[in-house]
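Following: one structure in structure tokens, then a few remarks.
One is the number of the first residue; the rest follow in order along the sequence. Values below: all heavy atoms of this structure, side chains included; hydrogens, waters and symmetry mates excluded.
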Amino acid sequence: MSRYLLAIDQGTTSSRAIVFDDKGIQVAVAQQEFRQYFPKDGWVEHDAMEIWDSTLTVCREALRQGKVGADELAGIGITNQRETTVIWDRVTGEPIHRAIVWQDRRTASLCTKLRQDGHEPMVVDRTGLLIDPYFSATKIAWILDTVENARQRAEAGELAFGTIDSWLLWNLTGGKRHRTDATNASRTALFNIHTQQWDPELLRLFRVPEGMLPEVLDCAAEYGVTEPECLGAPVMVAGIAGDQHAALIGQACFGPGMAKSTYGTGCFLMLNTGQQALRSENRLLTTVAYRLNGQPCYAIEGSIFVAGAAMQWLRDGLQLISHARESSAHAAEVGVNNPVYLVPAFTGLGAPHWDPNARGAILGLTRDTGIAEIVTAGLQSVCYQTKDLVRAIRNDGARLESLRVDGGMAVNDWVMQFLADILNVPVDRPRVTETTALGAAYLAGLQTGVFDSLEQITSLWACERQFLPDMTPGLRESLYAGWLDAVERVCNH
């Protein structure tokens, strides 16, 4: 039997492919960054064709590096940046507009109107989501209203909508399969998470023709077979999940109360609530954690729009550092008791504030503030924002005993220790921090028989290092009070 799995991890700033073996061990990885487009303030776009090209390139490169033939793969798992919206022509496969990225805020005024008209309670009831530009529904409507003849063509069944997973699947299968999974569907604001169906009333509200939508399958399912010319042999696409859901699976957070936080471009904390779709009273999201064998498992999630992106900005925008690695030395020099606060509200604030009009700020500057203090404040902002989420989760009555971390910033020991200190919970970093790709591989492996159960996957998880809280309550409270004051100053109440 084939022992290898290929995970496609299509993220916000880069496309990656990782080959894993049947023990969940990484065999080879390839990565390629692609261009970000910022046509106006708060607008973020990608070229969907460039995403497809970069994905195909890294898949071929990872197989080459790992000396693994496509005929040796048991299956492919796809995980992806969520909510990012692509609409394409069903005949030519050409996108009719650049992809509108999850971070994009162009539909903020439409969302405000929908909220003012009283539609948010119904949307929350059915989707677990708030009305916000973040989700796909208003992005679809914007493209249909903006591109000439798009709405008529969509009504006539000529156009397909997909999140990035659907777009990649369509291309991998030569246009034969238009499908998505329950986690990606649950982030569109068009999918009823209780009935597990596209919701007619939501489609009417957001003015989205049902004929555009992909078929929704379990996270582990037979999605379709790749065209032989893609990778050299046909391979079954056997697993799909949005990136944060895949990370939850990769972290083996299968029990209610287990939580993971992923530090990539943004930061996403997800807590498993089991078969109960817990409704948040603190503006967190209720979402499908994963769906296997037709049975949804739910989660509560907090989304921070800017985490690693803050360090990118300090590196590329302000040029205070030449590599993210340098941040640890600055932080060690300044220490935790830093009077400077950086609020990275570059595209508004996510949970629990949901303020699309907030903008970033650096506060607490004095004459002796230097590069080290500002860089340290950038690192600390990620931990403070995580604390905002944990506080909201606790106010919703959910318990968080410890936190499993992953993503690029999780390798930074200083940040992880400060995170444990400010949250006052143990922070567990796994041996494999590529948990998003690993989760996609696990799903494909469950479908193809490489893994036989969630229990087997749980047994493969191993902690590399645990960070225990070691900060006085007084310091923790005063640092966090300073953060809350800084956030208050950038919010538009």
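Taking the charged nitrogens against the carboxylate oxygens, Arg429 and Asp406 have no contact shorter than 4.0 Å, which rules out a salt bridge. Salt bridge Arg177/Glu215: absent, no basic N to carboxylate O contact under 4.0 Å. Under the 4.0 Å criterion applied to side-chain N and carboxylate O atoms, Asp41 and Arg359 are assigned as salt-bridge partners. A salt bridge is absent between Glu83 and Lys139: the closest approach of a Lys/Arg side-chain nitrogen to an acidic carboxylate oxygen does not fall below 4.0 angstrom.
In this structure, Arg82 is positioned above the aromatic face of Phe268, its NZ or CZ under 6.0 Å from the six-membered ring centre and within 45° of the axis. The side-chain tip of Arg431 does not point at the ring of Trp461 from less than 6.0 angstrom away and within 45° of straight on.
Checking side-chain atoms of His46 against main-chain N and O of Arg35 turns up no donor-acceptor pair under 3.5 Å. Side-chain N or O atoms of Ser453 include one that pairs as donor or acceptor with a backbone N or O of Gln456 at under 3.5 Å. A donor-acceptor contact shorter than 3.5 Å is absent between the side chain of His97 and the backbone of Leu144. Listed for the Trp102 side chain is no donor-acceptor partner under 3.5 Å among the backbone atoms of Phe135. Using a distance-only test at 3.5 Å, with no hydrogens or angles considered, no donor-acceptor pair links the side chain of Glu50 to the main chain of Asp47.
Counting heavy atoms from C-beta outward, Pro344 and Gln385 have side chains that approach closer than 4.5 Å.
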**Prompt:** Given Asp9 and Thr79, is the side chain to side chain donor-acceptor pair (under 3.5 Å) satisfied, shown in steps?
**Reply:** CA-CA 5 Å; Asp9 181 359; Thr79 182; 5.0 Å; no

**Item:** Step-by-step side chain to side chain donor-acceptor pair (under 3.5 Å) determination, Thr84 to Gln81
**Value:** CA-CA 7 Å; Thr84 295; Gln81 51 164 321; 2.7 Å; yes

**Item:** Step-by-step side chain to side chain donor-acceptor pair (under 3.5 Å) determination, Ser136 to Thr188
**Value:** CA-CA 4 Å; Ser136 313; Thr188 59; 5.6 Å; no

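Outside the 6.0 Å centre-distance limit, the rings of Trp52 and Trp170 are not counted as a close aromatic pair.
Glu45 is linked by a side chain to side chain donor-acceptor pair (under 3.5 Å) to Arg98, Arg106, counting only residues two or more places apart in sequence or in another chain.
Nearest approach of Phe191 to Ala182, heavy atoms of both residues: CE2-O, 4.2 Å.
Residues Ser186 and Thr287 have side chains that bring a donor and an acceptor to within less than 3.5 angstrom of each other.
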